[in-house]
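Heads up, the thing below is written out as structure tokens.
Computed from heavy atoms alone, side chains included, the values below leave out hydrogens, waters and symmetry copies. Only a predicted model underlies this, so the values are computations on that prediction, with no experimental measurement involved. Count residues from 1 along the sequence.
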Amino acid sequence: MKILFVSGFLGAGKTRFIMRMSKVTGRKFVIVENEFADINIDAERLRESGTNGDGASPFRKIVELSEGCICCSLNIDFNHSLYTIANSLDPDYLVVEPSGVAKTASIIEHVRTICYERIGILAPVTIIDGKNYEISRRNNPDIFYSQLQTAGTIVVSKSETWTEDDYRRLSEELHIPSDAEFLHKHYDKWSKDEFEELLRREYADLKNDILPNKLKKRFVLTAKNKRPDLETISFKRCTLRNPMELQSFLQILTSGVLGRVVRAKGFFPTANGENLNFDLVEGLYAITGMPLGKDTSIVVIGSNLNRETIAYLVQN
């Protein structure tokens with residue numbers, strides 16, 4: 001079982017990248033989906049991402065880990081989950097999507113303690129948000145650079161209109177390691193072989209328990225993993241009745257009057273039978289429909305949140 005970590009800050013687009021990789025390669029991955037909140041919205045989105053329009057999940061199995069990021073509660077629980085997956089499902093590839101606030105280096109260091117001939121680690125993928133990376137880097141530099149510096153492959157999301165100069169500017173601005181794979185195009189334009197390359201690149205020489213020379217100098221393990229200074233609010237009931245009410249709610253969240261909202265996402269059925277899906281990242285939001293009816297699941301992540309008022313707006 002080869003483990004591929006797909007990391008990236010909150011809202012970077014990790015789940016969409018995994019969906020695309022599955023669709024292009026045709027592989028039915030086993031997925032470990034880690035959510036910072038106690039409701040795992042992205043796991044539900046993965047389940048509903050049928051590639052043939054028939055609602056059938058393209059993934060063999062989705063394992064949910066919620067209520068915190070795995071780098072803050074690693075050791076026994078997460079490693080035990082990996083052992084269980086290896087022994088019961090024995091997949092060729094396990095894709096792990098850590099919480100957006102996870103420090104990838106810490107996770108990999110712990111997982112390497114259980115690697116043997118049946119469990120290996122592939123070069124991790126880090127997703128950089130092409131629209132919001134400057135905000136993420138400024139407000140959460142330790143998490144942002146941990147994810148960047150442990151990447152074997154770097155992918156820029158939300159870059160559909162970028163030019164070669166845009167990618168070059170980003171590389172210079174962030175000092176992207178020269179030995180990291182960095183394709184200068186959006187992953188929607190990747191070929192099957194370019195995705196498959198992610199599944200062929202080994203991260204570590206597990207037999208000798210050392211990192212490859214080209215990654216060794218970039219592997220930095222932080223001394224302490226504190227829970228990030230962010231809080232979450234989750235809802236399973238919603239009285240927003242239509243897109244206009246949802247839009248008003250999201251505009252209030254982005255205004256800052258209820259605290260700093262880093263990320264909000266969710267889906268719910270409306271009074272007239274619509275099924276709404278929304279994403280908010282650092283002040284920008286999008287509202288779309290969903291093909292299937294779903295119970296309400298809403299998550300708001302940020303700091304200094306006015307929990308009572310947010311709950312009133314969602315559930316009144």
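- Between the side chain of R237 and the backbone N or O of T296, no donor-acceptor pair lies under 3.5 Å.
- Once rounded to the nearest 0.5 Å, the distance linking CZ of F144 with CD of E134 reads 9.5 Å.
- No chain of hydrophobic side-chain contacts below 4.5 Å, direct or via other Ile, Leu, Val, Met, Phe, Trp or Tyr residues, connects L284 to V156.
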Take S157 and D129 through the test side chain to side chain donor-acceptor pair (under 3.5 Å) and record every step on the way to the result.
CA-CA 5 Å; S157 65; D129 187 329; 4.6 Å; no

Worked verdict on I18 versus E97 for side-chain contact (heavy atoms from CB on, under 4.5 Å):
CA-CA 9 Å; I18 293 171; E97 181 185 339; 3.5 Å; yes

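- Judged by distance alone, with hydrogens and angles left aside, the side-chain atoms of R201 form a donor-acceptor pair with the main-chain N or O of G152 at under 3.5 Å.
- For R168, the salt bridge (charged side-chain N to carboxylate O under 4.0 Å, His left out) partners two or more places apart in sequence, or in a different chain, are E164, D165.
- Aromatic ring pairs are classed by plane angle as parallel below 30°, tilted from 30° to 60° and perpendicular above 60°; the pair Y133 and W162 is perpendicular.
- In the hydrophobic clustering of this structure, L253 groups with V257; members are Ile, Leu, Val, Met, Phe, Trp, Tyr whose side-chain heavy atoms approach within less than 4.5 Å, directly or through other members.
- Grouping the Ile, Leu, Val, Met, Phe, Trp and Tyr side chains by contacts below 4.5 angstrom, directly or via other members, places L89 with I119.
- Residues T153 and W190 approach most closely at CG2-CH2, 4.4 Å, considering heavy atoms.
- Here CD1 of I121 is found 6.0 Å from CD1 of I3. Values are rounded to the nearest 0.5 Å.
- Between K2 and E202 a salt bridge is recorded (basic side-chain N to carboxylate O distance below 4.0 Å).
- Counting only distance, with no hydrogens or angles, the side chain of S146 and the backbone of D142 share no donor-acceptor pair below 3.5 Å.
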Does the side-chain contact (heavy atoms from CB on, under 4.5 Å) test come out yes or no for M21 and V95, once each step is laid out?
CA-CA 11 Å; M21 180 171 64; V95 178; 4.0 Å; yes

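- Under the side-chain contact (heavy atoms from CB on, under 4.5 Å) rule, R260 has a single partner from N304, N139, L305, which is N139.
- For the side-chain hydrogen bond (donor to acceptor under 3.5 Å, both in side chains) test, no residue two or more places apart in sequence or in another chain qualifies with K131.
- Within the 4.5 Å cutoff, the side chain of V281 has no heavy atoms near those of the I135 side chain.
- For N140 (side chain) and I143 (main-chain N/O), no donor-acceptor pair under 3.5 Å exists by modelled atom type.
- Contact of the L280 side chain with the T254 side chain is registered, since non-hydrogen atoms from C-beta on lie closer than 4.5 Å.
- Considering only heavy atoms from C-beta on, T239 stays 4.5 Å or farther from V314 through its side chain.
- I85 is listed as a side-chain neighbour of V30, based on a closest heavy-atom distance under 4.5 Å.
- The ring-ring contact (aromatic ring centres under 6.0 Å, His included) check on Y285 picks up nothing, with sequence neighbours excluded.
- The pair K14-E33 does not count as a salt bridge, with every side-chain nitrogen at least 4.0 angstrom from each carboxylate oxygen.
- Considering only residues two or more places apart in sequence or on other chains, E196 meets the salt bridge (charged side-chain N to carboxylate O under 4.0 Å, His left out) condition with R27.
- Checking T126 against S7 by side-chain atom types alone, a donor-acceptor pair falls below 3.5 Å.
- Using a cut-off of 4.0 Å between Lys/Arg side-chain N and Asp/Glu carboxylate O, E160 and K189 are scored as not salt-bridged.
- Summarising the geometry of P243 relative to I287, their closest heavy-atom pair is O-CD1, 4.3 Å, with the distance given to 0.1 Å.
- The two residues P124 and T150 come nearest to each other via the heavy atoms CG-O, 3.6 Å.
- For the atom pair CD1 (I154) and CD (Q147), the distance works out to 11.0 Å, reported to the nearest 0.5 Å.
- Between H184 and Y167, the ring-plane angle classifies as parallel under the 30° and 60° cut-offs.
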Checking side-chain contact (heavy atoms from CB on, under 4.5 Å) for the pair M1/L94: CA distance, chi angles, key distance, verdict?
CA-CA 7 Å; M1 180 178 81; L94 172 66; 3.9 Å; yes

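- In this structure, D188 pairs ionically with R20, as a charged nitrogen and a carboxylate oxygen lie closer than 4.0 Å.
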Walk me through whether R307 and E231 qualify under salt bridge (Lys or Arg N to Asp or Glu O under 4.0 Å).
CA-CA 10 Å; R307 305 174 72 90; E231 56 184 307; 2.9 Å; yes

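- One finds the CZ atom of F9 at 10.5 Å from the CG atom of N132 (value rounded to the nearest 0.5 Å).
- Using modelled atom types, one finds no donor on one side chain facing an acceptor on the other under 3.5 Å when comparing N242 with T270.
- Between the side chain of S22 and the backbone N or O of M19 there is no donor-acceptor pair closer than 3.5 Å.
- Side chains of K236 and S297: a donor-acceptor N/O pair is present below 3.5 angstrom, by distance only.
- Listed by chain and number, the residues in a side-chain hydrogen bond (donor to acceptor under 3.5 Å, both in side chains) with R138 amount to none (sequence neighbours excluded).
- Here the CD1-CD1 distance, from I310 to I252, works out to 10.0 Å after rounding to the nearest 0.5 Å.
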Pair I233, I298 - check side-chain contact (heavy atoms from CB on, under 4.5 Å), show working.
CA-CA 8 Å; I233 312 174; I298 295 175; over 6 Å; no

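- Between D193 and R200 there is a salt bridge, since at least one side-chain N of the basic residue sits less than 4.0 Å from a carboxylate O of the acidic one.
- Within the 4.5 Å cutoff, the side chain of V6 has heavy atoms near those of the I127 side chain.
- For D166 (side chain) and T163 (main-chain N/O), a donor-acceptor pair under 3.5 Å exists by modelled atom type.
- Closest non-hydrogen pair, G13 versus Y187, comes out as O-OH, 4.4 Å.
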I would like to know whether F278 and F267 meet ring-ring contact (aromatic ring centres under 6.0 Å, His included); could you show each step before the answer?
CA-CA 6 Å; F278 71 91; F267 45 78; 8.9 Å; no

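- For E173, the salt bridge (charged side-chain N to carboxylate O under 4.0 Å, His left out) criterion is met by R137, R169, not counting sequence neighbours.
- Looking at V96 and L4, their side chains never come closer than 4.5 Å, going by heavy atoms from C-beta outward.
- Counting heavy atoms from C-beta outward, V125 and F17 have side chains that approach closer than 4.5 Å.
- Taking 4.5 Å as the limit, every side-chain heavy atom of V262 sits out of range of all side-chain heavy atoms of S303.
- Atom CG of L170 is separated from atom CD1 of I176 by 4.5 Å, given to the nearest 0.5 angstrom.
- Of the charged side-chain nitrogens involved, at least one lies within less than 4.0 Å of a carboxylate oxygen, so that D279 and R16 count as a salt-bridged pair.
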